[in-house]
*Asks:* 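Let me begin by handing over the structure; questions about it come next.
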Amino acid sequence: MSNHLEIIKEAIIGGKHKDVEELVRSALDDGVSANAIVNEAMIPGMDVVGKKFSNNEIFVPEMLVAAVTMNKGLDILKPILKQSGSKSKGTIVMCTVKGDLHDIGKNLVIMMLEGAGFDVIDVGVDTSVDKLIDAVKQIKPDVLGLSALLTTTLPEMAKVIQSLEANGMRGEVKVMIGGAPVDAAYSEKIGADGYGRDAAQAVEVARRLIV
Ligand code: B1M
């Protein structure tokens with residue numbers, strides 16, 4: 001079983017986008033869980049990619065092809081992680097903030113939230129404050145989820161909260177934030193309602209926020 005996980009991790013690192021679907025199917029056929037594939041192979045693989053990028057061992061094209069590989073693998077796992085047929089536990093609007101194109105973490109959080117029975121509306125990446133204000137007005141979600149992967153885009157999260165306040169809407173929606181550079185201290189500093197360290201914790205936070 002661990003052999004499957006090691007091979008999938010290496011496929012992510014090496015950007016083997018043509019092989020990953022077959023590798024994931026083969027692991028599932030041999031009884032490896034979707035959760036293990038995501039948490040013990042794919043995410044650790046992306047961590048290695050990030051470290052290699054930091055060390056100038058790889059560059060943006062390789063990082064991009066690793067992301068394509070990860071997304072292809074996640075596409076196979078999505079129906080398995082998604083729970084169907086049960087009553088909605090609440091509505092969540094999710095996005096990656098303005099200036100930020102990273103969506104793998106957001107997509108993973110969405111899968112886990114959907115798997116836990118929430119309705120999730122994904123408004124995409126590079127999402128402006130105005131677009132989010134409109135989405136909250138129209139959709140009236142219980143939670144607005146903001147993801148950011150760049151230190152330069154973190155301040156967008158504070159801007160969203162400030163804009164909700166300025167529009168008299170802060171009491172209408174809970175704000176959950178997450179992403180690699182985000183932590184609990186930052187969440188508290190900008191007045192968010194909750195912070196999820198990873199996709200599993202995002203589900204716990206959403207459950208706590210929607211009572
Ligand atoms: Co980018 N990138 N990238 N990148 N990239 C990082 C983030 C970086 C840390 C790499 C590095 O230097 N080591 C670095 C940021 C440095 C910093 O800001 N301090 C970086 C950089 C610099 C850049 C560019 C500026 C590079 C350039 O062009 N010179 C550029 C910026 C583009 C832009 O956004 N405007 C860029 C571009 C890209 C690609 C397009 C090539 C690609 C993204 C493709 C895509 O997403 N479709 C990419 C990738 C793949 C990465 C790394 C390697 C992997 C990110 C990832 O998918 N991780 C990343 C290094 C790394 O993180 N190790 C890196 C896996 C994912 C499952 O984890 O997203 O953290 P993560 O999500 C987790 C948690 O954070 C949490 O749950 C998720 C699941 O457990 N979470 C939430 C996330 N959102 C949440 C929301 C919640 C709750 C929890 O509630 C709402």
Side-chain angles (χ1 to χ4, degrees), residues 9 12-15 17 34-35 37-75 77 81 90-116 118 120-128 132 141-157 160-161 173-184 186-187 190 192-210:
K9 181 178 167 186
I12 299 288
I13 297 168
H17 60 96
N35 268 320
I37 295 172
V38 171
N39 293 312
E40 294 170 38
M42 294 179 135
I43 292 180
M46 285 310 274
D47 282 343
V48 174
V49 171
K51 288 194 182 98
K52 284 182 176 241
F53 179 75
S54 295
N55 296 335
N56 290 324
E57 290 171 48
I58 62 166
F59 300 94
V60 172
E62 289 94 334
M63 201 154 67
L64 197 53
V65 85
V68 168
T69 309
M70 176 111 179
N71 276 329
K72 278 193 171 180
L74 288 176
D75 281 347
L77 299 173
L81 294 171
T91 303
I92 301 176
V93 164
M94 275 285 297
C95 77
T96 304
V97 297
K98 177 98 187 128
D100 202 320
L101 303 174
H102 295 86
D103 66 355
I104 294 173
K106 167 183 71 63
N107 294 343
L108 206 48
V109 170
I110 291 174
M111 279 184 212
M112 296 296 280
L113 288 169
E114 288 178 336
F118 295 96
V120 185
I121 292 125
D122 181 6
V123 292
V125 297
D126 190 19
T127 318
S128 70
L132 287 173
D142 300 290
V143 174
L144 175 60
L146 309 175
S147 179
L149 263 287
L150 298 171
T151 44
T152 49
T153 57
L154 271 186
E156 286 297 318
M157 294 179 157
V160 174
I161 292 175
V173 66
K174 303 282 187 192
V175 178
M176 170 167 72
I177 65 171
V182 179
D183 60 17
Y186 185 71
S187 171
I190 66 168
D193 298 294
Y195 148 70
R197 187 185 60 244
D198 53 31
Q201 213 186 65
V203 171
E204 283 172 34
V205 172
R207 285 193 181 122
R208 178 168 58 74
L209 295 178
I210 303 176

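Not measured: the values here are computed from a predicted model. Order of listing sets the numbers, starting from 1, for every ligand and every atom in it.
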*Asks:* Is ligand 1 less than 4.0 angstrom away from at least one heavy atom of G179?
*Replies:*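 The answer is yes: ligand 1 sits under 4.0 Å from a heavy atom of G179.
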*Asks:* What protein heavy atom sits nearest atom 35 (N) of ligand 1, and how far off is it?
*Replies:* G99 O, 3.0 Å
*Asks:* Under 2.8 Å from atom 1 (Co) of ligand 1, which protein N, O or S atoms do you find? Ignore water molecules.
*Replies:* H102 NE2
*Asks:* Could you tell me the residue and atom name of the protein heavy atom closest to atom 68 (O) of ligand 1, and the distance to it rounded to 0.1 Å?
*Replies:* G105 CA, 4.3 Å
*Asks:* Tell me, please: is P181 in heavy-atom contact with ligand 1, that is, under 4.0 Å?
*Replies:*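 No, that is not the case, since the closest heavy atom of the residue is not under 4.0 Å from the ligand.
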*Asks:* To check your reading of the model: name the closest protein heavy atom to atom 57 (O) of ligand 1, its residue, and the distance in Å.
*Replies:*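 The answer is I104 CB, 3.3 Å.
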*Asks:* Please confirm whether L101 comes within less than 3.5 Å of ligand 1 when only nitrogen or oxygen atoms on both sides are compared.
*Replies:*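 Among all N and O atoms of L101, at least one is under 3.5 Å from an N or O of ligand 1.
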*Asks:* List the closest protein heavy-atom neighbour of atom 84 (N) of ligand 1: residue, atom name, distance to the nearest 0.1 Å.
*Replies:*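 Of the protein heavy atoms, S147 OG, 2.8 Å lies nearest.
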*Asks:* In the protein, which heavy atom is nearest to atom 89 (C) of ligand 1, and how far is it?
*Replies:* G196 O, 3.1 Å
*Asks:* What's the spacing between L81 CG and E114 CD if we round to 0.5 Å?
*Replies:* 10.0 Å
*Asks:* Pull out every atom of ligand 1 sitting under 4.0 Å from any heavy atom of L64, numbered as shown with elements.
*Replies:*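 Those atoms are 40 (C), 41 (C).
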*Asks:* Does only the side chain of D103 get under 4.0 Å from ligand 1, or the backbone, or both, or neither? Count heavy atoms.
*Replies:* both
*Asks:* Does K51 have a non-hydrogen atom less than 4.0 Å from ligand 1?
*Replies:* no
*Asks:* Among all protein heavy atoms in this structure, tell me which lies nearest to atom 17 (C) of ligand 1, with the distance rounded to 0.1 Å.
*Replies:*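 Of every protein heavy atom, T151 OG1, 3.7 Å lies nearest to atom 17 (C) of ligand 1.
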*Asks:* Would you mind listing every side-chain hydrogen bond (donor to acceptor under 3.5 Å, both in side chains) that reaches into residues 93-113, with sequence neighbours excluded?
*Replies:* D100-H102, D100-T153, K106-D122
*Asks:* Scan K52, K51, M46 and name whichever one has a side-chain contact (heavy atoms from CB on, under 4.5 Å) with V48.
*Replies:* K52
*Asks:* Among all the protein's non-hydrogen atoms, which is closest to atom 86 (C) of ligand 1, and how far away is it?
*Replies:* G178 CA, 3.5 Å
*Asks:* Would one find an N or O of D198, backbone or side chain, under 3.5 Å from an N or O of ligand 1?
*Replies:*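 In this structure, D198 places no N or O atom under 3.5 Å from an N or O of ligand 1.
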*Asks:* On a heavy-atom basis, I'd like to know which of K98, K52, M176, M42 is closest to atom 91 (C) of ligand 1.
*Replies:*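 Heavy atom nearest to atom 91 (C) of ligand 1 belongs to M176.
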*Asks:* Can you check whether L101's main-chain N or O pairs, donor with acceptor, with D126's side chain at less than 3.5 Å?
*Replies:* no
*Asks:* Taking the side chain as every heavy atom from C-beta outward, state whether I92 and D142 have any atom pair closer than 4.5 Å.
*Replies:*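 When only atoms from C-beta onward are counted, D142 and I92 do not touch, as no gap falls below 4.5 Å.
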*Asks:* Report the member of M112, R197, Q201, M46 with the shortest heavy-atom distance to atom 63 (N) of ligand 1.
*Replies:*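 Residue with the shortest heavy-atom distance to the ligand atom: M46.
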*Asks:* Please indicate whether any nitrogen or oxygen in A199 is less than 3.5 Å from any nitrogen or oxygen in ligand 1.
*Replies:*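 Yes, there is a polar N/O contact under 3.5 Å.
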*Asks:* Taking the side chain as everything from C-beta on, heavy atoms only, tell me whether F118 gets closer than 4.5 Å to I210.
*Replies:*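 In short, these two side chains touch, coming nearer than 4.5 Å.
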*Asks:* Can you tell which part of I177 has a heavy atom less than 4.0 Å from ligand 1: side chain, backbone, both or neither?
*Replies:*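 Looking at I177 and ligand 1, just backbone atoms fall under 4.0 Å.
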*Asks:* Tell me whether M94 reaches ligand 1 (any heavy atom closer than 4.0 angstrom to a ligand atom).
*Replies:*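 Yes, M94 has heavy atoms under 4.0 Å from ligand 1.
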*Asks:* Contact between C95 and L146 at the side-chain level, heavy atoms closer than 4.5 Å - yes or no?
*Replies:*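 Side chain of C95 against side chain of L146, heavy atoms only: contact under 4.5 Å found.
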*Asks:* Among all the protein's heavy atoms, is there at least one whose distance to atom 60 (C) of ligand 1 comes out below 4.0 Å?
*Replies:*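 Looking at atom 60 (C) of ligand 1, one finds that a protein heavy atom does lie closer than 4.0 Å.
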*Asks:* How does L146 reach ligand 1, if at all, at less than 4.0 Å between non-hydrogen atoms: by side chain, backbone, both, or neither?
*Replies:* backbone
*Asks:* Is the closest N or O pair between T152 and ligand 1 shorter than 3.5 Å?
*Replies:* no
*Asks:* Pairs under 3.5 angstrom only: tabulate donor-acceptor contacts from the side chains of residues 58-75 to other protein residues two or more places apart or in another chain.
*Replies:*
from, atom 1, to, atom 2, distance (Å)
E62, OE1, F59, N, 3.0
T69, OG1, H17, N, 3.4
T69, OG1, V65, O, 2.6

*Asks:* If you measure from each non-hydrogen atom of V109 to ligand 1, which part falls under 4.0 Å: side chain, backbone, both or neither?
*Replies:* side chain
*Asks:* Ignoring hydrogens and angles, tell me if any N or O in the side chain of Y186 forms a donor-acceptor pair with the backbone of I177 under 3.5 Å.
*Replies:*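 Judged by distance alone, no pair lies under 3.5 Å.
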*Asks:* Could you list the residues that satisfy side-chain hydrogen bond (donor to acceptor under 3.5 Å, both in side chains) with E40, not counting sequence neighbours?
*Replies:* none
